[in-house]
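Below: the structure, in structure tokens.
Note that this is a predicted model, so its numbers are computed, not measured.
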Amino acid sequence: GAQELKERLDAGESVVVLDVREPHETDNGVIPGAILIPLGQLEAEWEKVKDANEVVAYCALGARSLQAAAFLRSKGVFNATSMDGGILAWTDAGGSTVPRAS
């Protein structure tokens, strides 16, 4: 969940955070350090995260990130999971966001 991810990132753990929302959805901010690959582009760009020890995907509420995590696991990224509740749960848990890099 979002609280666990926040605690792990705050502790400096090496977790790749993957935002699979569409660009217009990221206008209000992203989790600091997140890699942005919209779900529709993940099949073409998944190799950007293929060497990660662990990937936590998120979207707005959690449905697309579940699909993304399942896809990544099918490609051999075995520690790919989805953050329940998406960015809304993240901000509810006190997580900060930053403007996306342009």
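- Hydrophobic cluster membership differs between Val56 and Val16, with clusters built from Ile, Leu, Val, Met, Phe, Trp and Tyr side chains linked at under 4.5 angstrom.
- Side chains of Leu18 and Val20 form a contact here, defined as non-hydrogen atoms less than 4.5 Å apart.
- Ion pair Lys48/Glu45 flagged as a salt bridge, since at least one NZ, NE, NH1 or NH2 atom sits closer than 4.0 Å to an Asp/Glu carboxylate oxygen.
- At a threshold of 4.0 Å, the pair Lys75-Glu43 does not count as salt-bridged, since none of the basic side-chain nitrogens sits closer than that to a carboxylate oxygen.
- Look at Glu54 and Arg8 and you find a salt bridge, because one of the NZ, NE, NH1 or NH2 atoms lies within 4.0 Å of a carboxylate O, short of that distance.
- Closest heavy-atom contact between Glu25 and Ala60: OE2-CB, 4.1 Å.
- Nearest heavy-atom pair across Asp27 and Pro23 is OD1-O, 3.6 Å.
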Worksheet entry | Check against side-chain contact (heavy atoms from CB on, under 4.5 Å), Val17 and Leu9 | CA-CA 9 Å; Val17 180; Leu9 291 174; 3.9 Å; yes

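- Heavy-atom minimum distance, Leu72 versus Trp46: CD2-CB, 3.8 Å.
- Annotation for Ser96 and Pro32: closest pair O-CD, 3.3 Å, computed over non-hydrogen atoms.
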Worksheet item: Run the side-chain contact (heavy atoms from CB on, under 4.5 Å) check on Val15 and Leu5 step by step: do they pass?
Response: CA-CA 9 Å; Val15 178; Leu5 178 61; 4.0 Å; yes

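- Taking each heavy atom of Leu66 and Ser82 in turn, the nearest pair found is N-OG, 3.5 Å.
- Put simply, the side chain of Arg21 reaches to within 4.5 Å of the side chain of Val30, judged on heavy atoms.
- Listed for the Glu7 side chain is no donor-acceptor partner under 3.5 Å among the backbone atoms of Glu4.
- Every side-chain contact (heavy atoms from CB on, under 4.5 Å) that Thr97 has, sequence neighbours left out, goes to Ile87, Trp90, Thr91.
- The main-chain N or O of Gly85 is never found under 3.5 Å from a side-chain atom of Tyr58 such that the two would form a donor-acceptor pair.
- Between the side chain of Arg73 and the backbone N or O of Val77, no donor-acceptor pair lies under 3.5 Å.
- The shortest side-chain heavy-atom distance between Leu36 and Thr26 falls under the 4.5 Å cut-off.
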Worksheet item: Does the salt bridge (Lys or Arg N to Asp or Glu O under 4.0 Å) test come out yes or no for Arg100 and Asp19, once each step is laid out?
Response: CA-CA 10 Å; Arg100 73 162 189 260; Asp19 188 325; over 6 Å; no

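- Annotation: side chain of Met83 is not in contact with side chain of Lys6 (no heavy-atom distance under 4.5 Å).
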